[in-house]
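Notes for the one structure printed next.
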Amino acid sequence: MAQPARIVVVGSLNMDLVVVAPRIALEGETILGGLFSTMPGGKGANQAVAASRLGAKVHMVGCVGDDGFGQELLAHLNQENIDTEYVSTLAGISSGVAMITVNESGENSIVVSSGANARMTPDHVRRAESVICSSDLLLIQLEIPMETVEEAVSIANRHQVPVILNPAPANQLSEALLKQVDILTPNETEGKLIITGQADGDASVEEIISTLINKGVKRVVMTLGGDGAAYSEKGTIQHLKAHQMEVVDTTGAGDSFNAGLGVYLAEGGSLEEAVQFAQKAAALSVTKLGAQPAMPSRIEVEHFHNKRPNGGEVYES
C-alpha cells in the first residue's frame, strides 16, 4: 500500500479507572479488589488508537474537560500519532470517566460518567468537515449525543465517505440514520434493541441482520462474542468462528474489532478479509489488561496465523 488509510474517528474519550477483583460485586455488596490502574479509554479513543497501531493515519474528533485527565488523554493520543486538532477542551467540564471492574475470567462491569463527551455538539463535528471529507472512512460510536452522531454521518454522506457505525452502547436508531450507514457493527444485544426496541428481544442473528438490511443499512457485521462473527454479503449471511484465546480482559476488544474492520476496508480489502483481520485484532486485544494498552500492532495481527494456526477471537459482546 503506497499510503496509509485515512480514518476519522468521531467519538468519546474517557479515563478508565480499572480494578481487578475476584468477581463482579453484587448489588449492595462490598468486596476487596486487587490491582488498580488508570488507563486512557472511551470507545472513540480506543478505536482511534487501535486504527493507528494497525497502520492508519487517524484524526480524532471529540471533547475532553479542562482537568488533569483531559490533559493525559490528549497527550496519550499524540503519543499514538493521532491528530488531535479537533479534540476540543471544554472549560469548567470534567473529562469522561469509566469505572471498570475486571473479574478473574476477564469479564468486566463498566459504569461511565460521560463528562465532556455529553457536551459534544454538531458544531464540533462541523469544524472537522475538512478532514472528514478528505478521509477514506468515518468510524463512529454512540457514547456522544445522537444529534452529533447524525451530523457526522450526514457530513460523511455528503462527501461520499464510507461510514462504519458501531451502535454501542445499545440504543435505538432512526431509519433515516440507518440508511446513511455503510456498515453497522452491532452485537446481539444492540441488534435486538435496534429492530425490536428491547435488548432482550426475541430475534435470531439472521433475523437481526436481514431486518437491518431491509431498514436501509448497506452491510451488517455482527459480533457474537465467543461464537465469532456474522456478516451480510451479496444477499447471504456468512459466519466466521471465534479464535479461542486465554482471556485476561475483554475491555475494548469490540473497539479493536471495529478498528481492524475499518482499516482493512479503507485499504481496499474485501469484507470477508476485513472481518478476518478484525477478528485477529480483537483476539489479541483480550490477552492483555486494559483497552488501549492492549491494542495490537499491525505486525502482531499479520503474524497471528503463524502463532495460532487454529485460533480465533473472543471479543466483548
Side-chain angles (χ1 to χ4, degrees), residues 7-18 38-51 58-78 80 82-100 110-133 135 138-158 161 163-174 176-177 180-181 190 193 251-252 254-255 258-259 291-292:
I7 291 180
V8 172
V9 179
V10 175
S12 59
L13 300 90
N14 291 327
M15 184 60 75
D16 291 348
L17 311 181
V18 184
T38 58
M39 304 177 184
K43 287 187 175 297
N46 290 348
Q47 293 180 18
V49 168
V58 180
H59 286 263
M60 179 79 208
V61 183
C63 292
V64 296
D66 61 346
D67 52 15
F69 284 162
Q71 294 173 11
E72 289 182 53
L73 292 170
L74 283 172
H76 180 72
L77 290 182
N78 290 328
E80 294 286 346
I82 295 166
D83 191 304
T84 59
E85 180 181 358
Y86 295 103
V87 178
S88 300
T89 299
L90 306 185
I93 304 296
S94 64
S95 296
V97 173
M99 293 167 282
I100 303 173
I110 305 175
V111 177
V112 175
S113 174
S114 296
N117 297 307
R119 304 295 186 96
M120 187 179 177
T121 68
D123 279 341
H124 289 113
V125 177
R126 293 184 193 111
R127 292 171 200 157
E129 183 166 358
S130 61
V131 296
I132 294 174
C133 72
S135 296
L138 169 68
L139 189 54
I140 191 165
Q141 326 75 34
L142 300 180
E143 284 188 335
I144 56 177
M146 188 62 71
E147 63 177 356
T148 306
V149 172
E150 292 170 346
E151 181 65 16
V153 173
S154 177
I155 290 172
N157 269 243
R158 286 203 303 271
V161 175
V163 175
I164 293 181
L165 172 57
N166 175 212
N171 205 334
Q172 290 187 280
L173 303 175
S174 69
L177 177 61
Q180 298 180 78
V181 173
E190 294 153 1
L193 181 64
T251 306
D255 297 326
N258 277 274
Q292 292 178 29

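Remember, it's a predicted structure, so these values are computed and weren't measured experimentally.
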Heavy-atom distance under 4.5 Å between the side chains of Ile144 and His124, does that happen here?
no
Kindly compute the distance separating OG (Ser12) from CG (Leu73), expressed to the nearest 0.5 Å.
10.0 Å
Can you tell me how far CE of Met120 sits from CG of Leu90, rounded to the nearest 0.5 angstrom?
10.0 Å
In Å and rounded to the nearest 0.5 Å, what is the OG to CD1 distance from Ser154 to Ile132?
10.0 Å
Compare all side-chain heavy atoms of Leu138 with those of Ile155 and state whether any distance is below 4.5 angstrom.
no
Check: Glu151 and Asp123 side chains under 4.5 Å, non-hydrogen atoms
no
Is there a side-chain contact between Ile82 and Val49 in this structure, where contact means two heavy atoms from C-beta onward sitting under 4.5 Å apart?
yes
Locate the shortest heavy-atom distance separating Val9 from Ala48; write the atom from each residue and the value.
CG2-CA, 3.9 Å
Taking all atoms of both residues into account, what is the closest heavy-atom pair of Ile140 and Ala152, and its distance?
CD1-CB, 3.6 Å
Could you check whether any side-chain N or O of Asn157 sits under 3.5 Å from a backbone N or O of Gln180, counting only pairs where one atom can act as donor and the other as acceptor?
yes
Could you tell me the separation between the NZ atom of Lys43 and the CG atom of Asn166, rounded to the nearest 0.5 Å?
6.0 Å
Ile7 side, atom CD1; Gln47 side, atom CD - distance, nearest 0.5 Å:
10.0 Å
All pairs passing side chain to side chain donor-acceptor pair (under 3.5 Å) where residues 83-96 contributes a residue, at least two apart
Asp67-Ser95, Asn78-Thr84
Can you name the closest pair of heavy atoms from Pro169 and Glu143 and give their distance?
CD-CG, 3.4 Å
Are the side chain of Asn258 and the backbone N or O of Gly254 linked by a donor-acceptor pair below 3.5 Å?
yes
If I compare all heavy atoms of Ala50 with all of Asp255, which pair ends up nearest, and what's the gap?
CB-O, 4.5 Å
Not counting sequence neighbours, which residues clear salt bridge (Lys or Arg N to Asp or Glu O under 4.0 Å) with Glu80? List them please.
Arg53
Show your working on side chain to side chain contact (heavy atoms under 4.5 Å, CB included) between Thr121 and Arg126 and close with a plain yes or no.
CA-CA 9 Å; Thr121 68; Arg126 293 184 193 111; over 6 Å; no
Minimum heavy-atom distance Ser135-Val8, with the two atoms named:
OG-CG2, 2.8 Å
What distance separates Leu177 CG from Gln172 CD, expressed to the nearest 0.5 Å?
12.5 Å
Is any side-chain heavy atom of Thr38 closer than 4.5 Å to a side-chain heavy atom of Leu17?
yes
Looking at every non-hydrogen atom in both residues, tell me the closest pair between His76 and Gln292 and how far apart they are.
CD2-OE1, 2.8 Å
Do Leu142 and Leu165 come within less than 4.5 Å of each other through their side chains, counting heavy atoms only?
yes
